Amino acid sequence: MGILYDTRDRFHILSALLQTKTLRQFDKRLQDELLPILGCSTIGLYLYSETAAAFSPVSDIFRDPASPAYPIAQLPAAGTIKEAAVHAGQAILANDLSNAPWTEAQAIDPRIYRRSSVLAAPIIMPEDASTLTPAKTLAVIVAVSLEASDSFTEEDRGFLEVFGQHIAPVLTAVLAAEERDTLVAINSQVVLGAITLDNLIYSIQPILRDVIHHDVIGLVRFVGETHNRWFDIVACEGVDIDQEALRQFPFEHMAAAEILATGKPLLLTGHNQERFAEHRYFESLGVFSAMLCPLLVRGRPYGFLAIGSKRRNAFSQRDLALTEQIGFHLSHAITNLSAYDEIRQLKDQLEQENVYLREEMGASLDLKSLVGDSPALQKSLRAIEMVAPTDSTVLITGETGTGKELVAQAIHRLSPRQHKALITVNCAALPPTLIESELFGHEKGAFTSATSRKLGRFELAHGGTIFLDEVGELPIDVQMKLLRVLEAQEFNRVGGTQTIRVDVRVLAATNVDLDQAITRNTFRADLFYRLNVFPIRLPTLRERLQDIPLLARHFARKYSQRHRKPVTRIHSAALQALSAYDWPGNVRELEHVIERAVIVSRGSTITIEELDGLGRTNASAPHPRTLAEAERAHILDTLIRTNWVLAGKQGAAEHLGMKRSTLQHRMKKLAITRPPQKKH
């Protein structure tokens, strides 16, 4: 062109560039100022990444797939005129690009760039002797003339070379200001915004998109132990990733493994990620460039922030440094969110534990109900004393009402876990559709009514004991998940992918014959063997008849205090009637009978009249099945022994501890009549 440049041109352009605040504004102003001076068709800007040896296009003409210049921007750096300019540290002029040795000549469309001229000049930050900072190439300006070859002169080349040196401080200041403003905006968003882990990246994306053009953004979290590492995608926008498809690649050969091992960010340009096993999978999704920046929570690797693009060479070293700074802010945000979530979970756990503890408080104070001198009960008590100090799983069997829950409470109270929670689950009382959620918890959205995350009973029992009452009623599909908890102490919430590990001692109880249940295929044999590590069978009350007086007096004292009644003893006749009854409901039925007797008593002694009408009938039983029948049999036996004499010291009324009139009333009520005597 042969134009002689006035230094005023350079100062005018520098003044205009100093007014810009963002990289895009800088690029636009640069084009507006240089195009008229150089008289060329196009001027564009590339940021240079020394570590990755890559050029990231800033100008839209290089980033638009519809632009004829787009293929050139997708080239690797090696062999390009841009690389030559950086290595030479000066501007390079190609008068006829189609015949030049640079790789751009192979990528151009000959119909468009048939006679094009190209001028590439590096933007170099000069050496700073005071800080011993070496010279550094920040970017490259590329000017293209489509009109004809030899469009640029040596004066043009010299002007652009000097100009590149002068605008380096301006570009550095613009980049620093943009980074500062971006970090302030993101920090304000993650600190002051209504942030959750689920919406964390979506909250910063509008800010980030203005600075770093991208198509994909994701938040990834490491999961698993050291020997079994993997990652969960917490959130992702811009592409659908099939995590199962990723499972085909070994973790140790993936980019995530390198980030975990080194703790350093990765810049993937589209030309340098062949070493990672998953790179072809992401290219099949249309993702060619990416930045992966590690996130630390409480000083430990948490995961990484991933930003991707459908273009190669989409990101620069500057973009990576900015993303790394953003990652620091996100790490603090995740730390705070994790702390808040832990506090909330502990609060929820304490609240739920309090509910369970309040429900069980009465029973927990009732351990003295395990009273009795019978050999059958003493055998069970010795078994409790042996197994309680261990962490062994215990299966408690026995008829309903024999005190299985009291035994579970006794084992917990005598164990090293006594200061932690005892969580009781009645498996028969939970609907089959909700029992898995109750035991193992669920994630928000796991099913229609799951409006928030819920901790399961196993999580609430962490560090303590869980008592699975009526375990024989568990649905067969839940039994398999329970087996996993027993074997590995881990599970997944309903609708969740994160493995939850717990430290829980399991006590189980059932009145079902599990051997028969296994035969009917309603109970898993492997679960039975895992539960039946230490079996304790509780005797029925029929097997410990000698304990009935002790239990009856115990319950009489308990309920006389509770109901503020003056009952202090039980009449011998009433005790004899209680001992003669078959007690199909075992200790629980006896307790309820005594409580009612205390309530209706009119004095300090429970008499046989106050046991009236209680019990349940069972005509097929060989022994009396109701208290009325037991009382009738007892009175009838006494009348026979006293030869039907009612009054007097040897009469039946005296033996039964009641007045003659009361005995006559009871005989009438119970339809007891003296059989007709045989005539001799």
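Here the structure is a predicted model, which is why all the values come from computation and not from measurement.
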Problem set entry | Beyond-backbone contact of L75 with W102, side-chain heavy atoms, under 4.5 angstrom | no
Exercise. Going from CD on Q90 to CG on L160, what distance comes out if it is rounded to the nearest 0.5 angstrom?
Worked result: 12.5 Å
Exercise. Step by step, would you call S67 with I61 a side-chain contact (heavy atoms from CB on, under 4.5 Å)?
Worked result: CA-CA 6 Å; S67 168; I61 191 173; 3.3 Å; yes
Exercise. Do N492 and F440 come within less than 4.5 Å of each other through their side chains, counting heavy atoms only?
Worked result: no
For this session: Can you establish whether the number of heavy atoms outside H271 located under 6.0 Å from its atom NE2 is more than 12?
Result: yes
Problem set entry | Backbone N/O of L30 and side chain of E33: donor-acceptor pair under 3.5 Å | no
Exercise. Take atom NZ in K28; do more than 12 heavy atoms of anything else shown fall under 6.0 Å from it?
Worked result: no
Problem set entry | Main-chain N/O of R312 paired to Q74 side chain as donor or acceptor, under 3.5 Å | yes
For this session: Determine the interplanar angle of the Y48 and F55 rings, folded into 0 to 90°, and report it as parallel if under 30°, tilted if 30 to 60°, perpendicular if over 60°.
Result: tilted
Exercise. Side chains of L35 and C40: closer than 4.5 Å at any heavy-atom pair?
Worked result: yes
Exercise. Is the backbone N or O of Q25 less than 3.5 Å from a side-chain atom of T22, with the two atoms forming a donor-acceptor pair by type?
Worked result: yes
Problem set entry | Gap separating the CD1 atom of I43 from the CG atom of L34, nearest 0.5 angstrom | 4.5 Å
Exercise. Should E179 and R318 count as an ion pair when the cut-off is N to O under 4.0 Å?
Worked result: yes
Exercise. When you measure from the side chain of N313 to the backbone N and O of P57, does any donor-acceptor pair fall under 3.5 Å?
Worked result: no
For this session: Answer yes or no: is there a donor N or O on one side and an acceptor on the other, between the side chain of H253 and the main chain of F276, under 3.5 Å?
Result: no
Exercise. In terms of heavy-atom contacts, does CD of Q243 have more than 12 from other residues, nucleotides or ligands at under 6.0 Å?
Worked result: yes
Problem set entry | Expected output: side-chain K264 to main-chain E258 donor-acceptor under 3.5 Å | no
Exercise. Looking only at heavy atoms, what is the nearest atom pair of D156 and S151, with distance?
Worked result: OD2-O, 4.1 Å
For this session: Mind running side-chain contact (heavy atoms from CB on, under 4.5 Å) on F231 and L260 for me, showing each step along the way?
Result: CA-CA 11 Å; F231 50 85; L260 182 63; over 6 Å; no
Exercise. So, the side chain of E443 versus the backbone of R493: is there a donor-acceptor pair under 3.5 Å, distance only?
Worked result: no
Seminar exercise, completed: In this structure, CG of D215 is separated from NE2 of H213 (nearest 0.5 Å) by 6.0 Å
Exercise. With a 4.5 Å limit on heavy-atom distance, are the side chains of L171 and L23 in contact?
Worked result: yes
Problem set entry | Nearest-0.5 Å distance that lies between atom OG1 in T182 and atom CD1 in I326 | 6.5 Å
For this session: Please check if the side chain of E490 supplies one atom and the backbone of T499 the other of a donor-acceptor pair under 3.5 Å.
Result: no
Exercise. Would you call R280-E274 a salt bridge at under 4.0 Å N-O?
Worked result: no
Exercise. Within a reach of under 6.0 Å around CD of Q248, are more than 12 heavy atoms found that belong to other residues, nucleotides or ligands?
Worked result: yes
Problem set entry | L320 vs T51 side-chain heavy atoms within contact, under 4.5 Å | no
Exercise. Between the main-chain N or O of L47 and the side-chain N or O of S56, is there a donor-acceptor pair closer than 3.5 Å?
Worked result: no
Exercise. Any side-chain heavy-atom pair from Q489 and F458 closer than 4.5 angstrom?
Worked result: no
Seminar exercise, completed: Shortest non-hydrogen pair, A314 vs S289, comes out as N-OG, 3.4 Å
For this session: Taking the side chain as every heavy atom from C-beta outward, state whether F328 and L183 have any atom pair closer than 4.5 Å.
Result: no
Exercise. Is it true that D27 and R24 have a side-chain N and a carboxylate O under 4.0 angstrom from each other?
Worked result: no
For this session: Would you sort out whether I334 and L219 count as a side-chain contact (heavy atoms from CB on, under 4.5 Å), showing the intermediate values?
Result: CA-CA 11 Å; I334 294 171; L219 180 63; 4.2 Å; yes
Problem set entry | Whether F447 and H442 hold their rings parallel, tilted or perpendicular, with breakpoints at 30° and 60° | perpendicular
Exercise. Just wondering, do T335 and Y302 contact through their side chains at under 4.5 Å, heavy atoms?
Worked result: no
Exercise. If only atom types and distance count, is the side chain of S145 paired as donor or acceptor with the main-chain N or O of S116 below 3.5 Å?
Worked result: no
Problem set entry | Result of checking I212, L305, L322 against M291 for side-chain contact (heavy atoms from CB on, under 4.5 Å) | I212
